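Read through the structure below, which is laid out as structure tokens, and then see the notes.
Predicted model only: the values in this text are computed from it and were never measured.
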Amino acid sequence: MSAEKFQKVYELEDLGEFKKAFVVLSELADAGYGLALFEMASRLLSPESYVKDIYPKTPDEELSKEYASRAFRALTDEALAGNGESMRMLAYAYLGLSVPFYENDISKGEQWLLNAFDAGCNFAANDLSTFYLGSDLEKAKFWYKQADKHSCRVIYNESCAT
């Protein structure tokens with residue numbers, strides 16, 4: 001499954017074509033694509049931030065749990081196969097930055113972020129900068145610079161800027 005097809009979901013939503021976006025996301029989730037399953041789990045748990053006539057009006061925790069379980073398995077398989085973005089999302093799961101159905105493990109989350117960056121997912125540098133901000137300012141600055149170097153910094157932090 002290509003990241004371009006997953007990105008199409010957001011492109012369609014930006015154009016206001018929410019039903020088409022939902023169809024694409026559903027097809028990707030039904031095909032077992034980890035990022036789509038992960039996104040669907042999140043949207044079903046917190047539907048208030050999404051289009052009301054497409055997603056349920058109230059959270060659907062059971063269905064979200066089902067998608068989350070499938071997402072975790074798919075993301076793990078994709079990460080082990082070398083997919084950097086899947087590694088990054090797996091890190092989010094371990095760090096507790098997503099739906100609350102996953103085992104939190106800070107060291108696994110950190111390692112998956114490092115692996116994601118090594119696999120070419122440069123956006124992991126932003127996450128690593130934030131991750132280290134409270135514990136190791138030098139590491140936070142290093143990762144902040146990596147995000148700048150790869151033109152993917154999305155977070156500005158005055159304490160890391162040099």
Side-chain angles (χ1 to χ4, degrees), residues 1-131 143 146-147 150-155:
M1 211 58 59
S2 73
E4 292 80 26
K5 192 159 185 184
F6 183 68
Q7 186 60 36
K8 185 75 172 168
V9 172
Y10 299 105
E11 291 169 7
L12 287 167
E13 288 176 341
D14 286 345
L15 295 172
E17 298 193 35
F18 301 106
K19 289 183 180 180
K20 287 182 182 178
F22 180 76
V23 168
V24 172
L25 181 61
S26 296
E27 288 172 354
L28 292 170
D30 290 345
Y33 187 46
L35 295 174
L37 288 162
F38 191 78
E39 184 68 21
M40 191 65 87
S42 177
R43 290 180 182 208
L44 289 167
L45 190 64
S46 302
E48 66 277 356
S49 61
Y50 301 100
V51 181
K52 297 289 189 247
D53 61 337
I54 297 172
Y55 296 93
K57 295 188 182 339
T58 58
D60 188 334
E61 189 171 316
E62 286 306 309
L63 189 53
S64 180
K65 280 182 184 179
E66 179 185 319
Y67 275 103
S69 177
R70 291 176 55 208
F72 190 80
R73 288 189 306 272
L75 288 171
T76 299
D77 291 345
E78 293 164 8
L80 292 172
N83 183 309
E85 188 59 28
S86 293
M87 292 175 192
R88 182 173 171 247
M89 290 301 105
L90 194 56
Y92 273 43
Y94 279 116
L95 294 172
L97 301 174
S98 62
V99 292
F101 311 126
Y102 299 113
E103 159 199 359
N104 289 351
D105 187 321
I106 301 301
S107 63
K108 285 182 182 178
E110 175 187 18
Q111 190 57 56
W112 278 117
L113 284 176
L114 292 166
N115 293 350
F117 185 80
D118 289 343
C121 180
N122 295 326
F123 282 99
N126 287 295
D127 301 318
L128 286 160
S129 178
T130 302
F131 178 81
W143 289 108
Q146 289 298 311
H150 294 285
S151 301
C152 65
R153 182 178 52 78
V154 295
I155 301 165

Inset, instruction - Find the distance between CD (E11) and NZ (K20) and round it off to the nearest 0.5 Å. - result: 13.0 Å
Legend entry - Euclidean distance, T130 OG1 relative to L95 CG, rounded to 0.5 Å: 11.0 Å
Legend entry - Minimal non-hydrogen separation, S98 against A93, with atom names: OG-CA, 3.6 Å
Legend entry - Basic-acidic side-chain contact under 4.0 Å: E39, R43: yes
Legend entry - Criterion side-chain contact (heavy atoms from CB on, under 4.5 Å) against L113, the qualifying member of M87, K108, R88: R88
Inset, instruction - Assign the ring pair F72 / Y102 to parallel, tilted or perpendicular, where the plane angle (0 to 90°) is split at 30° and 60°. - result: tilted
Legend entry - Smallest separation among heavy atoms of G34 and A74, with atom names: CA-CB, 3.6 Å
Legend entry - L44 CG to L63 CG distance, which is reported to the nearest 0.5 Å: 5.0 Å
Inset, instruction - Kindly compute the distance separating NZ (K8) from CG (D14), expressed to the nearest 0.5 Å. - result: 11.0 Å
Legend entry - side chain to side chain contact (heavy atoms under 4.5 Å, CB included) partners of S69, counting only residues at least two apart: R73
Inset, instruction - Could I get the full list of side chain to side chain contact (heavy atoms under 4.5 Å, CB included) partners for A36, not counting sequence neighbours? - result: F6, L25, L28, A29, Y33
Inset, instruction - Provide the closest heavy-atom pair for S26 versus M40 in the form atom of the first, atom of the second, distance. - result: OG-CE, 3.6 Å
Legend entry - Minimum heavy-atom distance between L45 and P100, given as atom pair plus value: CD2-CD, 3.2 Å
Inset, instruction - Run the ring-centre check on F117 versus W143 and record whether the distance is less than 6.0 Å. - result: yes
Inset, instruction - Please examine the side chains of L75 and L35, heavy atoms only from C-beta on, and report whether any two atoms are closer than 4.5 Å. - result: yes
Legend entry - F22 vs V9 side-chain heavy atoms within contact, under 4.5 Å: no
Legend entry - Smallest separation among heavy atoms of A79 and S86, with atom names: N-CB, 4.0 Å
Legend entry - Separation of N122 CG from H150 NE2 (nearest 0.5 Å): 4.5 Å
Inset, instruction - Might you point out which heavy atoms bring A41 and S64 nearest each other, and give the distance in Å? - result: O-OG, 2.6 Å
Inset, instruction - Any chance you could lay out the side chain to side chain contact (heavy atoms under 4.5 Å, CB included) test for L90 and T76, step after step, and finish with the verdict? - result: CA-CA 7 Å; L90 194 56; T76 299; 3.7 Å; yes
Legend entry - side-chain hydrogen bond (donor to acceptor under 3.5 Å, both in side chains) involving N126 - partner list, sequence neighbours excluded: none
Legend entry - Polar contact flag, side-chain donor to acceptor under 3.5 angstrom, S107-D105: yes
Inset, instruction - Enter the distance from E78:CD to E85:CD here, rounded to the nearest 0.5 Å. - result: 10.5 Å
Legend entry - Heavy-atom check, side chain of E61 versus side chain of F101, under 4.5 Å: yes
Inset, instruction - Taking the side chain as every heavy atom from C-beta outward, state whether Y94 and N104 have any pair of such atoms under 4.5 Å apart. - result: no
